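See structure below.
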Protein chains: 2
Amino acid sequence: MVCCLCHEAEIGGMEDRTQTSLIALRRILRATELNARTLARATGLTTPQLIVLEIVAAAGRATPKDISGKAGVGQATATALVDKLEARGLVTRTRSDLDKRVVWVAPTEEGRELLKTAPDPLQKTFSAQFEKLPDWEQAMIVAALERVGAMLNAGALDAAPLLDVGAVDRK
Amino acid sequence: MVCCLCHEAEIGGMEDRTQTSLIALRRILRATELNARTLARATGLTTPQLIVLEIVAAAGRATPKDISGKAGVGQATATALVDKLEARGLVTRTRSDLDKRVVWVAPTEEGRELLKTAPDPLQKTFSAQFEKLPDWEQAMIVAALERVGAMLNAGALDAAPLLDVGAVDRK
DNA sequence: GCCATTTTATTCGCTAATCAAAATATCTAT
DNA sequence: ATAGATATTTTGATTAGCGAATAAAATGGC
């Protein structure tokens with residue numbers, strides 16, 4: 001196999017490739033979704049709970065508002081998720097002294113331990129195989145993923161206001 | 001920019017790239033998730049409901065068991081989702097004559113119409129931008145996405161039914 | 001033909017996620 | 001000091017999802 005893919009590019013039809021990449025994208029989504037479920041079962045936590053725990057552990061501590069923003073859920077939901085984690089002894093709540101409105105959520109030793117000992121199988125599988133790839137292919141994948149991410153995020157920004165308008169005319 | 005990325009590959013640290021690609025992957029997942037929510041709001045349906053409708057429309061008709069398999073949920077859930085769609089007049093239930101246990105779920109005219117007019121910002125923006133890319137970059141992205149998909153599926157190779165979110169891709 | 005097994009769809013009881021709106025407590029600026 | 005802003009939680013509701021139980025119909029062995 002060679003580094004440059006341009007030759008292979010000529011083979012497939014031009015229009016197919018959009019479809020092909022969308023299909024590939026969906027396969028990736030599907031795989032990660034399945035992964036999330038098995039991970040959830042393995043740790044005894046649900047996926048949203050695990051996400052919150054990861055956010056908190058990554059930052060060292062976080063307010064419910066931080067969590068809500070980073071996890072992409074409402075504040076009420078964030079509170080509910082923190083409740084569950086706190087009940088399981090994986091995080092603690094501490095009221096701030098400087099601003100008594102804010103609550104710091106921090107992982108307990110047990111919470112950190114759980115993240116360490118229950119590593120994401122997605123990450124594991126991916127990492128293991130990714131690191132076996134030749135250098136050029138790693139670089140290609142990084143570039144492609146970032147490209148796709150940028151494209152999708154650009155779309156999300158454009159689409160938001162547009163959708164609000166169109167949301168009414170149905171039903 | 002040139003076709004071959006090998007030069008750039010030398011720049012970044014070797015270990016970073018695994019992390020970088022995981023981060024990029026998460027951005028993609030996040031974007032598609034947000035997209036699903038806005039799409040759901042725009043159509044007045046929830047994401048699982050939309051998936052079921054797409055499965056039914058793609059196949060012409062489907063039994064609750066089919067749906068359950070393709071959507072990756074239990075039969076009870078499939079029944080519940082069909083209930084919602086039926087209540088909104090987007091699908092119909094018909095008992096089979098040959099085997100009176102089975103129920104055929106088929107889209108109504110209104111259901112098909114909704115899928116046609118439903119804006120799918122993810123697909124739309126992705127396609128629009130993807131098609132503007134130079135040939136070599138398209139090929140690179142397809143190759144990379146398929147590579148990643150294969151790697152992830154290797155981890156969870158239960159060959160689960162494909163998520164038919166697309167409504168376009170049929171084998 | 002008859003009974004046991006399997007298959008298909010549905011119902012029921014329960015947990016979790018999620019949101020919007022209201023309630024509470026606290027801070028900040030005037 | 002008071003009005004408004006901010007952070008969190010509570011409340012009330014909907015949806016998704018699972019597993020177990022149920023009902024109805026097909027199938028296979030005898």
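Below, read A as the first sequence line, B as the second, and so on, with proteins coming before strands; counting in each chain starts at 1. Keep in mind that this is a model prediction, so the values were computed, not measured. Values reported hereafter were calculated over all heavy atoms of this structure, with side chains retained and with hydrogens, waters and symmetry mates removed.
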> Restricting to pairs with a member in residues 95-104 of chain A, which pass salt bridge (Lys or Arg N to Asp or Glu O under 4.0 Å), not counting sequence neighbours?
Replying inline: A:Asp99-A:Arg101
> Restricting to pairs with a member in residues 44-53 of chain A, which pass salt bridge (Lys or Arg N to Asp or Glu O under 4.0 Å), not counting sequence neighbours?
Replying inline: none
> If only atom types and distance count, is the side chain of B:Gln49 paired as donor or acceptor with the main-chain N or O of B:Lys84 below 3.5 Å?
Replying inline: no
>> Taking any atom closer than 4.0 angstrom to a non-hydrogen atom of chain A, what span of DNA chain C does the protein reach, first nucleotide to last?
In response: C:dA16 to C:dC27
Rest of the hydrophobic cluster containing [X] (Ile/Leu/Val/Met/Phe/Trp/Tyr, side-chain heavy atoms under 4.5 Å)?
X        : answer
B:Leu98  : none
B:Val73  : none
B:Trp104 : B:Val102

>> Tell me which pairs pass side-chain hydrogen bond (donor to acceptor under 3.5 Å, both in side chains) where either residue lies in residues 71-81 of chain A, with sequence neighbours left out.
In response: none
> What string of B, S and - do you get for nucleotides 16-22 of chain D, 5' to 3', when a contact is any protein heavy atom under 4.0 Å?
Replying inline: SBBB---
> For B:Glu86, which residues count as a salt bridge (charged side-chain N to carboxylate O under 4.0 Å, His left out) partner, sequence neighbours excluded?
Replying inline: B:Arg93
>> Run the salt bridge (charged side-chain N to carboxylate O under 4.0 Å, His left out) test against A:Arg147 and tell me which residues pass, sequence neighbours left out.
In response: B:Glu137
>> Under 4.0 Å, heavy atom to any atom of DNA chain D: which of residues 88-103 of chain A qualify?
In response: A:Arg93, A:Arg101, A:Val102, A:Val103
>> Using a strict heavy-atom distance below 4.0 Å, which residues from residues 57-64 of chain A are in contact with DNA chain D?
In response: A:Thr63, A:Pro64
> From B:Leu22 CG over to B:Arg17 CZ, what is the distance, rounded to the nearest 0.5 angstrom?
Replying inline: 13.5 Å
> When rounded to the nearest 0.5 angstrom, what distance separates CG in A:Leu50 from CG in A:Leu115?
Replying inline: 6.5 Å
> Are A:Asp83 and A:Arg88 ion-paired here, with the side-chain N under 4.0 Å from a carboxylate O?
Replying inline: no
